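Notes follow once the structure below has been shown.
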Amino acid sequence: MFSLIRSWFIFPIAMGVVLGCGGERPTTSSDSLSEDLAGEPLGKLAFDGNVTSAVAVARLRQDRSPAAGAEVSFSRSVSGKGADYEWAGSTDGRGQTLVALEGMQTGGYFRAQAHKDGALIGSWSSIPINPGVQVTVELTVGEKARVTGSVRLTSGGLPEEIPIGVVAPLTVSQTQYGAGIESGLALALEEINGTSTLGGASIVFRREDSRGMALGAVDAFNKLIFHDYVPVILGPALSTEAKEAFPVAQQNHVVAFSTTSAASGLSAIGDFIFRASLSVDVLIPGGVSLTREKLRYGRVALMVDSTDVFSRSSDVALQSALAAEGVEILTRETFATDDTSFVDQFARIRGLNPHAVFVSALSRQRVQMLIRGRHHGIPANIPFIVPGLTQDEVRDAGDAAEGAIAITGWTATATTPGNQSFVEKFRSKFGTEPNRWAAQSYAALYILSEAIASAGSTDPTAIREAMAGITDLDTILGQFSFDRNGDAVYDPIILIVRNGMFEVYE
C-alpha cells in the first residue's frame, strides 16, 4: 500500500523536471522521464530519510543575460494558502544564488519570485523540489522555470559531489608550477575524499590550463565561472596571471584561492580572494633580517626580472627590507623572463664585489641565475639569496647551487603536523620528492575542505566567510591563518644548500 501511495505522490512532482515548470502542471510518460533525467529520477531521492531540507540553486536571467544583485525567494505552493516567501538569497555576478529550503518534510511544488532594485522582475510557479536534494532551477524572466539538474544531499547538507575549479599552467609555459600543483592537489583529493572530512561529500576537480599566461588564466576563470558554475577556483599559479584573473572571480563573487602566487597586494583585490603562499612583503623582511644577522653583509647586488609581476614585487620588498637594515644596494640589474644570457649583468656585479646577490625571478630564471652567475665569475664566497628557491631548482642548478640560501615557507624536513607523512605518501605515490608548490597545494585543499565543512554549504559567500575565519589551523605549513586581506600567515623558513640538499639555516 505504501509503495502505491508513494508512486502516486512522487510521479507528478518528477514530471516537472522534464518539460519545465510554471502555469499548468505538465504530464509525460515514464519512458521520457527515464530518458531525459541524468542519474536517479528526482522522486526516488525524496525518501533518503536522513535529510529533510533541500537546496535550490537558482540561476536568474533577464534579457538573455545573468541578473546579478537580485533577490530570489521561494515559497511552498500550498492549496488554499497565500504564498509565504520565507527562503531567499541574492544573486552573484553569474545571476546565481543558493537558497536553503529548510524544514521540508515532504516533496512538493514551489513558487519563486525575483526582485531587483526594489521592483518585482519575475515570478514562477510549479517548481518541483523534493527534500534531500539540491536542484538547479533556471529562472528566466518572462519564461517558465526549468529544473535542469538534481543531486543528492549528504546528511551534512552538502551535495554528494562538489565541483572545484583548478587553474594551472599545464602546457606552453611555466609548467613546472603546474606539475607541482597538480600532484599536491591529487594526493590531498585522494585523502580527503576517502574520509568523512566533508560528511560523505566528495570534491570533483574541473581543470583548466592557463598556459602560463594572464590571458589564459582569465579565459580559464570565465569558463569555470560561467560554464561550470564552480563556487571556488584553486588558482591561478603565477602572480602575473592572478593580477588579471582575480578581478574576474571578485566581480562575480566566486572564491579564488591561489596556492602559489606571492606578489604583494593581490589578495587585497577583494574579499573573495585568498592565497596559501606567503606574500613577499611577509616572507622577505624576516628573511633579510635573519640572513643579515648571520652573514653580516653590508653591500649587495640585486638581479630582477623586470617583466614579471612576482619578481618586481619581490624586488620592491627586498629594497625596502635592505634599506631598513642599513644595507647598501650597489647595483640593481634587470632582465626579461625569456633572457638566457646575463654576461653584462654579472660582469658589473663581479666588478663591484658585493657581499651577497639577491635574485628575484621565476623558477627557470632562478636556475639560470645560479648557473650563469658562477660561470661568469661570481665567486663561491658570495652567496646567492633567492626568495622561493626550491629543491628541484637546486637539483637542476647542480654544483652552482652550493651555498645558495632560500627564503621560503616550507621544507620537507619540517616537523609541522602531518608533514613527514605527506612527504612519505608523496614519494610513494609519485616516486619523487615533493616541492614547495606541491606542499602548498596539498595544504590548500585541506584548508578549503575545512572551510566548506564549516560553511555546510557550497555557496561561495558562505565559503568565503568560513575561509576568512580560519585561525591557527594545523597544516603541513605550520599553524595557518588568513590575515584581513586573505593572505596566508605562518612562519617563514631560511634554508641553505649544503652538498646539494637543503638544510635549515642555523
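Residues: numbered from 1 along the sequence shown. Keep in mind the model is a prediction, meaning the values are calculated, not measured.
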Original post:
Using 30° and 60° as the class limits, which term best fits the ring planes of Phe74 and Phe110: parallel, tilted or perpendicular?
Top reply: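 Aromatic pair Phe74/Phe110 classed perpendicular.
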Original post:
What residues form a side chain to side chain donor-acceptor pair (under 3.5 Å) with Asp281, not counting sequence neighbours?
Top reply: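 Side chain to side chain donor-acceptor pair (under 3.5 Å) check on Asp281 returns Ser264, Ser279.
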Original post:
Are Ser314 and Ile284 close enough that some pair of their side-chain heavy atoms sits under 4.5 Å apart?
Top reply: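 Ser314 reaches Ile284 side chain to side chain.
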Subject >> Test item: Thr458 and Leu98 side chains (from C-beta on) under 4.5 Å apart, heavy atoms >> reply: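 Side chain of Thr458 against side chain of Leu98, heavy atoms only: contact under 4.5 Å found.
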Subject >> Asp338 atom CG: more than 12 heavy-atom contacts under 6.0 Å >> reply: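 Open: at most 12 neighbouring heavy atoms sit under 6.0 Å from CG of Asp338.
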Subject >> Listed partners of Asp474 passing salt bridge (Lys or Arg N to Asp or Glu O under 4.0 Å), at least two apart >> reply: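 By the salt bridge (Lys or Arg N to Asp or Glu O under 4.0 Å) rule, Asp474 matches no residue at all.
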Subject >> Those residues that, when tested against Asp92, pass salt bridge (Lys or Arg N to Asp or Glu O under 4.0 Å) (two or more places apart) >> reply: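 Expected list: Arg94.
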**OP:** Take Glu393 and Ser363 through the side chain to side chain donor-acceptor pair (under 3.5 Å) test and state the conclusion after the steps.
**Re:** CA-CA 7 Å; Glu393 293 158 9; Ser363 179; 2.7 Å; yes
**OP:** Would you check, one step at a time, whether the test side chain to side chain donor-acceptor pair (under 3.5 Å) holds for Asn435 with Trp410?
**Re:** CA-CA 9 Å; Asn435 58 28; Trp410 176 83; over 6 Å; no
Subject >> Whether Lys116 side chain and Ala68 backbone form a donor-acceptor pair below 3.5 Å >> reply: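 Confirmed, Lys116 side chain pairs with Ala68 backbone.
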Original post:
Taking the six-membered ring for Trp, is the centroid-to-centroid distance between Phe272 and Phe274 below 6.0 Å?
Top reply: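 For Phe272 and Phe274, the ring centres are not under 6.0 Å apart.
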**OP:** Keeping to residues at least two apart or across chains, list the side-chain hydrogen bond (donor to acceptor under 3.5 Å, both in side chains) pairs with something in residues 57-75.
**Re:**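 Sorted result for residues 57-75: Arg59-Gln96.
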Subject >> Audit row: Lys223, Asp228, salt bridge (charged side-chain N to carboxylate O under 4.0 Å, His left out) steps and yes/no >> reply: CA-CA 7 Å; Lys223 162 72 164 49; Asp228 296 312; 3.0 Å; yes
Subject >> Inter- and intrachain pairs under ring pair (Phe, Tyr, Trp, His ring centres under 6.0 Å), touching residues 434-454, at least two apart >> reply: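 Listed by first then second residue: Tyr177-Trp437, Phe422-Tyr442, Tyr442-Tyr446.
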Original post:
Which salt bridge (charged side-chain N to carboxylate O under 4.0 Å, His left out) pairs, counting each pair once, include a residue from residues 247-276, with sequence neighbours left out?
Top reply: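 Listed by first then second residue: Asp271-Arg464, Arg275-Asp487.
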